Amino acid sequence: MARHLVTSALPYINGIKHLGNMVGSMLPADVYSRYLRRRGHDVLYICATDEHGTPAELAAKAAGLPVAEFCAQAHDAQKAVYDGFQLAFDHFGRSSSRQNAEITQHFARKLYENGFIEERAIRQVYSPVDGRFLPDRYVEGTCPHCGYDKARGDQCENCTRVLDPTDLLNPRSAISGSTELEARETTHLFLLQSKLQHEVAAWVARHEDQWPQLSSSIARKWLTEGLHDRAITRDLDWGVPVPSDTWPELAAEGKVFYVWFDAPIEYIGATKEWADAAPDGETRDWTSWWYEADDTVRYTQFMAKDNVPFHTVMFPATELGVREPWKKVDVVKGFNWLTYYGGKFSTSQQRGIFTDAALETLPADYWRYFLIANAPESDDSSFTWEHFAATVNKDLADTLGNFVNRVLSFSRKRFGDEVPAGSAAGEAEARLGGEVARLLGEYEEHMEALQYRKGAAALRALWSAGNSYLEEKAPWLEIKADPEGAALTLRTAMNLIHLYAIVSEPLIPASAAAMRGAFALGSDTATWVTAEAARSLDAVPAGTPFTVPPVLFAKITEDDLAAYRDRFGGADA
């Protein structure tokens with residue numbers, strides 16, 4: 001089996017993330033990693049908090065904490081939420097780690113040696129009131145492209161255009177609010193992306209046929225507009241220091257690397273963190289995943305569309321310029337926006353549902369399933385409480401949960417606490433087996449292709465097949481005239497429940513565990529279901545003890561909806 005490296009966009013450290021962030025990166029990466037593991041592949045899923053840059057300093061200042069202490073606390077708080085969503089990272093690291101600093105500095109030295117970094121004197125925004133240069137997000141103002149009046153100095157949140165602080169209209173300090181700003185000369189390091197344009201274009205051309213159209217079109221747009229040399233250092237107190245052995249004057253001035261230079265390198269740094277954290281007696285080789293690994297590792301990256309240019313163009317330029325055989329991404333799965341009643345989720349504006357509040361409201365599987373079934377792949381998708389309730393009630397509560405409950409409850413009532421034997425499988429069971437095998441194949445095909453909405457639809461169709469079989473056989477009527485036939489129907493349905501537990505695990509792991517745990521099978525080690533096993537539906541033999549688990553999914557009522565809208569806002573949010 002293949003080795004699969006999976007990464008998702010690093011969540012920024014300044015606060016708990018919203019559902020749009022979850023569905024745009026970490027959740028689909030987790031679902032894919034779980035699926036690959038169940039199919040027998042060797043998988044390494046790496047993520048980390050992105051801790052450098054101005055937002056971390058500003059958030060720490062607002063919290064009244066030293067930035068290092070703030071980041072440590074925020075990392076633990078985010079990790080607790082991701083644990084609640086059952087995101088199965090192999091390692092969830094920190095971009096402020098020693099490992100990331102070492103590798104970032106190594107990359108910078110190599111780029112400099114190869115002629116792709118140079119020092120340039122530039123004029124930068126300076127605030128006399130604050131007594132410091134104001135890089136990136138320390139400057140706020142009006143976007144010159146769309147007129148949004150809360151744009152930041154690195155990127156407009158409204159139109160997503162990448163900016164420089166000097167581009168902003170009516171700029172002001174994000175620290176003091178002062179508009180008494182001036183331009184002063186300072187020296188920074190620049191990554192000469194213009195010299196790497198043709199190499200990046202050739203690399204994109206070799207790989208973009210494996211990417212969704214969203215990712216390839218964004219990369220092509222950037223390449224068509226031309227790659228510009230970009231400053232990769234900032235005047236900040238918090239970040240990866242410029243190495244003094246290469247740039248002593250800049251190091252003495254306290255320059256640090258720009259967060260968008262070191263953050264992608266943290267995928268490698270976090271993998272080294274994972275290796276260094278190996279327990280006694282275990283050896284983990286991080287280099288085999290990243291160095292000279294083109295022929296042995298398939299690398300898939302997940303992120304929302306605002307992050308796509310940095311990972312399809314800017315970071316590949318960095319890797320190419322290093323002139324070392326570092327693994328580059330094979331597939332970039334980009335996502336559009338999940339909106340909240342048509343408006344953007346926003347961390348800075350606290351608009352929408354945030355992941356900690358989501359877990360306080362309903363179990364993780366409700367959110368996991370809804371988000372994947374409505375993933376913003378080909379276009380933006382909108383979260384509304386009405387749509388969420390309809391999906392949970394129809395798909396989870398009625399189609400899957402009700403099937404599990406009525407099959408196990410009815411069988412226990414009529415046949416006791418063991419799977420009944422009944423007669424041999426007949427024509428209806430053969431038809432069912434063929435349909436289940438066909439739908440399972442569709443589900444696998446969509447999951448392999450990273451088509452999440454189609455994958456969820458195929459899984460839902462698998463659940464519906466069980467209900468159709470149950471309605472056709474009607475064991476509550478069948479038992480009156482043919483108890484052995486009713487026992488066969490229930491045994492078959494119980495095998496469907498076991499199959500559902502296995503193949504649903506990537507999307508709804510807690511519910512899958514509850515379904516699988518209903519059966520006391522002595523050696524239940526299957527990780528997936530073959531087409532042959534799907535046709536035979538005999539993994540749970542007669543005589544197997546079983547229990548009826550608690551209700552898997554409670555329906556969302558009108559009263560619940562009213563309470564949710566009152567708490568989080570509704571159509572007028």
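Small disclaimer: the values here were computed from a predicted structure and weren't measured.
Side-chain N or O atoms of Arg34 include none that pairs as donor or acceptor with a backbone N or O of Leu507 at under 3.5 Å. A donor-acceptor contact shorter than 3.5 Å is absent between the side chain of Thr399 and the backbone of Trp463. Using a distance-only test at 3.5 Å, with no hydrogens or angles considered, a donor-acceptor pair links the side chain of Ser215 to the main chain of Val332. Using modelled atom types, no side-chain atom of His498 and backbone atom of Met494 make a donor-acceptor pair closer than 3.5 Å. Side-chain N or O atoms of Ser511 include none that pairs as donor or acceptor with a backbone N or O of Ile508 at under 3.5 Å. Side-chain N or O atoms of Arg38 include one that pairs as donor or acceptor with a backbone N or O of Thr527 at under 3.5 Å. Distance alone, capped at 3.5 Å, is enough to place a donor-acceptor pair between the Asn100 side chain and the Glu266 backbone. At least one donor-acceptor pair closer than 3.5 Å links the side chain of Arg284 to the backbone N or O of Trp274. Remark: the backbone N or O of Met303 is not paired with any side-chain donor or acceptor of Ser25 at under 3.5 angstrom. Between the side chain of His41 and the backbone N or O of Val43 there is no donor-acceptor pair closer than 3.5 Å.
The line from CD of Gln78 to CG of Asp50 is 10.0 Å long, rounded to the nearest 0.5 Å. Atom-to-atom distance recorded for Leu44:CG and Leu5:CG is 6.0 Å, nearest 0.5 angstrom. For the atom pair OG of Ser95 and CD1 of Ile13, the computed distance is 7.5 Å after rounding to the nearest 0.5 Å. The OH atom of Tyr443 sits 8.5 Å away from atom CG of Leu462, with the distance rounded to the nearest 0.5 Å. With rounding to the nearest 0.5 angstrom, the CG atom of Leu432 is 8.0 Å from the CD atom of Glu435.
The pair Asp395-Arg460 meets the salt-bridge criterion, with a side-chain N (NZ, NE, NH1 or NH2) lying under 4.0 Å from an Asp/Glu carboxylate O. Checked for salt-bridge contact, Glu429 and Arg431 miss the test: no charged N lies under 4.0 Å from a carboxylate O. Salt bridge Glu360/Arg567: present, at least one basic N to carboxylate O contact under 4.0 Å. Residues Glu442 and Lys454 are not paired through a salt bridge, judged by the lack of any N-O separation under 4.0 Å between the basic side chain and the carboxylate. Here Asp398 pairs with Lys555 in a salt bridge; the nearest charged N to carboxylate O distance falls below 4.0 Å. Between Glu377 and Arg453 there is no salt bridge, since no side-chain N of the basic residue sits under 4.0 Å from a carboxylate O of the acidic one. Ionic pairing of Asp560 and Arg565 is not present here: no N-O contact between side-chain nitrogen and carboxylate oxygen is shorter than 4.0 angstrom.
Taking the centre and axis of the six-membered ring of Trp337, the NZ or CZ atom of Lys344 falls inside the cone set by 45° and 6.0 Å. The side-chain tip of Lys473 does not point at the ring of Tyr469 from less than 6.0 angstrom away and within 45° of straight on.
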Would you list the atom pairs, donor with acceptor, under 3.5 Å between side chains in residues 533-543 and any protein atom, with sequence neighbours excluded?
{"unit_1": "Ser536", "atom_1": "OG", "unit_2": "Glu532", "atom_2": "O", "d": "3.3"}
{"unit_1": "Ser536", "atom_1": "OG", "unit_2": "Ala533", "atom_2": "O", "d": "3.2"}
{"unit_1": "Ser536", "atom_1": "OG", "unit_2": "Asp538", "atom_2": "OD1", "d": "3.1"}

* Start with the C-alpha gap between Met22 and Leu338, add the side-chain angles, then the distance that decides, and say whether side chain to side chain contact (heavy atoms under 4.5 Å, CB included) holds. => CA-CA 10 Å; Met22 175 66 70; Leu338 175 71; over 6 Å; no
Residue pair Leu450, Thr300: steps toward the side chain to side chain contact (heavy atoms under 4.5 Å, CB included) verdict: CA-CA 10 Å; Leu450 303 176; Thr300 308; 3.9 Å; yes
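In this structure, a donor-acceptor pair under 3.5 Å is absent between the side chains of Arg94 and Gln99. Side chains of Thr287 and Asp285: a donor-acceptor N/O pair is present below 3.5 angstrom, by distance only. Counting only N and O atoms by type, the side chains of Glu386 and Tyr341 include a donor and acceptor under 3.5 Å apart. Residues Tyr369 and Ser504 have side chains that never bring a donor and an acceptor to within less than 3.5 angstrom of each other. Side-chain atoms of Ser8 and Gln301 include no donor-acceptor pair closer than 3.5 Å.
Judged as a ring pair (Phe, Tyr, Trp, His ring centres under 6.0 Å), the pairs with a partner in residues 390-433 (not counting sequence neighbours) are, in order, Phe403-Tyr500. Residue pairs meeting the ring pair (Phe, Tyr, Trp, His ring centres under 6.0 Å) criterion with at least one member in residues 514-546, sequence neighbours excluded: Tyr35-Trp528. Each side chain to side chain donor-acceptor pair (under 3.5 Å) pair with one or both residues in residues 407-425, not counting sequence neighbours, would appear here, but there are none.
Taking the six-membered ring where the residue is Trp, the centroids of Phe315 and Phe310 are separated by 6.0 Å or more. In summary, the aromatic rings of Phe388 and Phe383 are positioned with their centroids under 6.0 Å apart. The distance between the ring centers of Trp385 and Phe370 does not fall below 6.0 angstrom.
Ring planes of Tyr267 and Tyr299: perpendicular class, angle over 60° (limits at 30 and 60°). Using cut-offs of 30° and 60° on the angle between ring planes, the pair Phe92 and Tyr82 is perpendicular.
Annotation: side-chain hydrogen bond (donor to acceptor under 3.5 Å, both in side chains) contacts of His75 (sequence neighbours excluded): Thr49. Residues forming a side-chain hydrogen bond (donor to acceptor under 3.5 Å, both in side chains) with Gln86 (at least two apart in sequence, or on another chain): none.
Exactly one residue among Tyr12, Tyr340, Phe354 makes a ring-ring contact (aromatic ring centres under 6.0 Å, His included) with His18. That residue is Phe354. Lys327 pairs with exactly one of Asp294, Ile268, Thr296 by the side chain to side chain contact (heavy atoms under 4.5 Å, CB included) rule, that one being Asp294.
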